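What follows is one structure encoded as structure tokens, with my remarks underneath.
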Amino acid sequence: MKIVDAAVVLTSPGRNFVTLKVETDEGVTGLGDATLNGREVAVAGYLREHVVPLLLGTDPHRIEDTWQSLYRGAYWRRGPVTMAAIAAVDIALWDIKAKVAGLPLYQLLGGASRDRVRAYGHASGRDLPELFDSVRALLADGYQAIRVQTGVPGLDRVYGVRSSPGGARPVVEDWDTAAYLRHLPKVFDAVRQEFGPDLPLLHDAHHRLTPSQAARLGKDLEPYDLFWLEDCTPAENQEGLRLVRGHTTTPLAIGEVFNTVFDYQTLVTEQLIDYVRSAVTHFGGVSPMRKLFDFAAQYQIKSAIHGPEDISPIGMAAAVHLDLAIHNFGIQEYSGHTELTNAVFPHAYTFTDGHLHPGEAPGLGIELDEELAAAHPYERAYLPINRLHDGTVHDW
Ligand code: EZ4
Ligand code: CO
């Protein structure tokens, strides 16, 4: 079997997605997700100019060898652009292999370790009434675990509180760490009083705190029994998590901006976190994610694959197959996609009673409607940036 073509498709059915479609001489095709929010064209260019020519004529069954040759052969290792490009190839080749086998991908990963995969959704509100409505809407959709983000008095915009997307320049948000640290425990107190002790609640600090601030927040949130506190501090300096871990028993989740296992080395081997949260799409694909989870399992660390709206349904499908197969599954982030996005990427995975299942279609169980994709062309978009009241740029 040989790869005869590989096309990169950029589409924007409401937001941008980058897709790799790999075709073989036997007519079997594979799809991979290469979406890197706000930097989509960089990955598309990397794929078109540097990766696709290397794939033509190769055997799509040699997934590990292809991965290693793209990773080591580039000489310039790691980084989100490179690893998103490699991920798209890896995901597409697993799709092909599973289709040829006539099996859903999870069967090739060892088969199901559970019947279904618990997902969490995103609730947010500028104030408590708006937040409670948002939680209730998710509960009505079936969610059984909820991430809670909140506005802070005195701040106009806060991460996780929806605002209209992008435009020609990044939206500028404002930030005040002291106000946030004072306000957040009150919000969790109110949410626990309203929704009771059983509902799993999560929170994402989105890299905005120093290690000592993160330690204090973790302690302050202990009475509210969080499922986790996510990205409490930037983790380029992994050692910073020692300070946080030493001061709080609130579970910690990190990794959505990581792209190789080396980003986790200290965090995992010193058991400084409880959940690894990379996206299949940004971590080089299914193959390295499987290795990461097996590494993490030795330290009682569980999975929590990144699954915001900016992961395409292809990346989401790959995630749900992994979730079903691995033993150390923790939880799956799932924001869902718009109807239009789901129409561009028809898929076999389902969301019922707060749980996902990858379905039984051979391969990933996903298709691409190329005509509909072409009718919604790429539009430049940026993630927001964040500034303190004196104008200083802060982590977003
Ligand atoms: O802000 O993927 O946990 N999820 C998140 C995401 C990220 C976006 C950035 O592109 O933090 O919503
Ligand atoms: Co996050």
Side-chain angles (χ1 to χ4, degrees), residues 12 14-18 33-43 80-81 83-84 87 119-124 134 138 143 145-150 157-167 170-171 173 175 180 184 200-209 214 217 226-236 241 250-259 263-264 267 273-283 302-316 319 323 330-338 341 379-386 394-396:
S12 185
R15 68 170 318 124
N16 291 316
F17 296 110
V18 183
D33 181 21
T35 308
L36 185 62
N37 197 8
R39 295 294 185 271
E40 297 86 358
V41 178
V43 189
V81 174
M83 300 312 288
Y120 71 91
H122 296 176
S124 65
S134 176
L138 288 176
Y143 280 102
I146 295 180
R147 189 187 80 166
V148 168
Q149 304 298 125
T150 174
R157 303 179 108 125
V158 171
Y159 164 77
V161 176
R162 279 173 211 285
S163 53
S164 50
V171 170
E173 301 188 348
W175 184 247
Y180 165 80
L184 195 68
L201 297 176
L202 302 80
H203 179 72
D204 192 345
H206 230 248
H207 320 275
R208 292 177 178 201
L209 308 176
L217 182 63
L226 265 61
F227 187 92
W228 78 40
L229 174 61
E230 172 181 344
D231 288 335
C232 60
T233 188
E236 287 99 324
L241 268 296
T250 293
L252 302 174
I254 287 190
E256 70 186 44
V257 301
F258 290 175
N259 45 71
D263 301 323
Y264 283 109
L267 298 180
I273 56 174
D274 299 276
Y275 297 91
V276 291
R277 353 204 17 246
S278 291
V280 185
T281 307
H282 303 141
F283 201 78
K302 293 187 176 179
S303 77
I305 302 179
H306 193 212
E309 290 155 74
D310 47 285
I311 296 299
S312 92
I314 299 169
M316 182 55 62
D323 292 335
I331 200 163
Q332 173 65 53
E333 184 180 32
Y334 179 63
S335 305
H337 291 98
T338 63
T341 298
E379 285 176 66
R380 186 190 301 144
Y382 290 100
L383 283 154
I385 63 164
N386 209 6
H394 193 68
D395 295 299
W396 183 74

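Remember, it's 1-based here, ligands and their atoms both numbered in the order they're listed. The analysis underlying the following values was restricted to heavy atoms, covering all of them including side chains, and did not include hydrogens, waters or symmetry mates. Worth saying up front: this structure is predicted, and the values here are computed from it rather than measured. All residue numbers refer to positions in the sequence shown, counting from 1.
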Contact check, E309 vs ligand 1, heavy-atom distance below 4.0 Å: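 No.
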
Test of proximity, [X] against ligand 1: N or O pairs below 3.5 Å:
{"X": "W396", "result": "no"}
{"X": "D310", "result": "yes"}
{"X": "H122", "result": "no"}

May I ask you to list the atoms of ligand 1 that are less than 4.0 angstrom from any heavy atom of [X]?
{"X": "H206", "result": "1 (O), 5 (C), 7 (C), 11 (O)"}
{"X": "D204", "result": "3 (O), 4 (N), 5 (C), 11 (O)"}
{"X": "E333", "result": "3 (O), 4 (N)"}
{"X": "P308", "result": "2 (O), 6 (C), 12 (O)"}
{"X": "R277", "result": "3 (O)"}
{"X": "L383", "result": "9 (C), 10 (O)"}

Answer whether the closest heavy-atom distance between the side chains of [X] and [Y] falls below 4.5 Å.
{"X": "V276", "Y": "Y264", "result": "yes"}
{"X": "E173", "Y": "W396", "result": "yes"}
{"X": "H282", "Y": "L36", "result": "yes"}
{"X": "H203", "Y": "L184", "result": "yes"}
{"X": "Y180", "Y": "L217", "result": "yes"}
{"X": "D204", "Y": "Q149", "result": "yes"}
{"X": "D33", "Y": "I311", "result": "yes"}
{"X": "E256", "Y": "H206", "result": "yes"}

Please state which protein non-hydrogen atom is closest to [atom] and give its distance, to 0.1 Å?
{"atom": "atom 12 (O) of ligand 1", "value": "Y159 OH, 3.1 Å"}
{"atom": "atom 10 (O) of ligand 1", "value": "N37 ND2, 2.9 Å"}
{"atom": "atom 7 (C) of ligand 1", "value": "E256 OE2, 3.5 Å"}

Looking only at N, O or S atoms in [X], which is nearest to the Co ion (ligand 2)?
{"X": "E256", "answer": "OE1"}
{"X": "E230", "answer": "OE2"}
{"X": "D204", "answer": "OD2"}

For this output row, return yes or no: ring centroids of F258 and F283 closer than 6.0 angstrom. no

Atom NE2 in H122, atom OH in Y143: separation rounded to 0.5 Å?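 Answer for the NE2-OH pair, H122 versus Y143, is 8.0 Å.
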
